[in-house]
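Scroll down for the structure; my scribbles are underneath it.
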Amino acid sequence: MRPLSPKGIIWKRQGAAVIGAITYQDGRFGNVVLVGGVRNSKGAALVLPATNDDGKPQTMLLQAGSTLLHPMQLVEILCMQERIFGDRGLVAPEALKQAE
C-alpha cells in the first residue's frame, strides 16, 4: 500500500493537553493527544476510532503507533510537543499558548 501524502494536523488546546485531529496513513481519522514533553514516554498518545463491538476507541502511545503515521506527521507531532512542553526555545503558537 502506498502511503498517503500527509495532511496537516489541526491542533487545539483542551485544558493542559493539546489535541490534534489527524488522518492516519490507512485513511482512518483520529486524534493525537499531547500531555507532556518528548522526554516523557507517556507524553503523547494516539486515539483511533473503535474497531470492535464495544465501541471504545483504541489508544496507544506514540512510539507504539508511529508506523500509522507518515514521517512528516511524526515530525510535526514531535515539534509540537517540544513547542508546548519543551525547554529548547521553540515558541508555542499563539493560538495554543496557555493563559497565565
Side-chain angles (χ1 to χ4, degrees):
M1 176 169 81
R2 188 173 151 240
L4 298 173
S5 60
K7 295 180 182 179
I9 300 171
I10 300 169
W11 298 99
K12 66 179 180 178
R13 182 166 291 276
Q14 190 168 334
V18 173
I19 313 266
I22 191 166
T23 303
Y24 297 103
Q25 286 199 95
D26 61 6
R28 291 183 288 174
F29 297 99
N31 292 311
V32 57
V33 180
L34 306 179
V35 295
V38 175
R39 293 182 183 154
N40 179 349
S41 64
K42 295 182 180 178
L46 302 177
V47 182
L48 290 88
T51 56
N52 50 18
D53 293 335
D54 67 6
K56 293 183 181 177
Q58 178 185 2
T59 61
M60 63 183 69
L61 295 177
L62 178 62
Q63 296 88 336
S66 63
T67 59
L68 297 171
L69 302 170
H70 188 280
M72 289 188 68
Q73 289 174 312
L74 182 58
V75 169
E76 183 177 349
I77 291 167
L78 295 173
C79 286
M80 187 59 73
Q81 261 188 297
E82 187 59 33
R83 291 176 82 179
I84 301 297
F85 300 104
D87 57 0
R88 292 193 180 101
L90 295 176
V91 180
E94 285 296 322
L96 298 178
K97 286 185 178 178
Q98 192 158 1
E100 296 181 20

In terms of heavy-atom contacts, His70 and Gln25 come closest through N-CG, 3.5 Å
Would you name the heavy atoms of Phe29 and Pro49 that are closest together and state the gap between them? O-CD, 3.1 Å
Report the distance from atom CD of Gln81 to atom CZ of Arg39, rounding to the nearest 0.5 Å. 12.0 Å
Spacing of Leu74 atom CG and Gln63 atom CD [to the nearest 0.5 Å]: 9.5 Å
pair Leu62-Leu78: side-chain heavy atoms closer than 4.5 Å: yes
Any Lys/Arg nitrogen of Asp26 or Arg28 sitting under 4.0 Å from an Asp/Glu carboxylate oxygen of the other? yes
Can you check side chain to side chain contact (heavy atoms under 4.5 Å, CB included) on Met60 and Leu48, steps first, answer last? CA-CA 8 Å; Met60 63 183 69; Leu48 290 88; 3.9 Å; yes
Any side-chain heavy-atom pair from Val33 and Gln14 closer than 4.5 angstrom? no
d(Leu69 CG, Glu76 CD) to nearest 0.5 Å is 10.5 Å
Taking all non-hydrogen atoms of both residues, which atom of Pro57 and which atom of Val47 are closest, and how far apart? CB-CG1, 3.9 Å
I need the single residue from Ile22, Ile19, Val32 that forms a side chain to side chain contact (heavy atoms under 4.5 Å, CB included) with Trp11. Which is it? Val32
Do Leu68 and Ile9 sit in the same hydrophobic cluster, where Ile, Leu, Val, Met, Phe, Trp and Tyr count as joined when their side-chain heavy atoms come under 4.5 Å apart? yes
Once you round to the nearest 0.5 Å, how far does OG1 of Thr59 lie from CG of Asn31? 11.5 Å
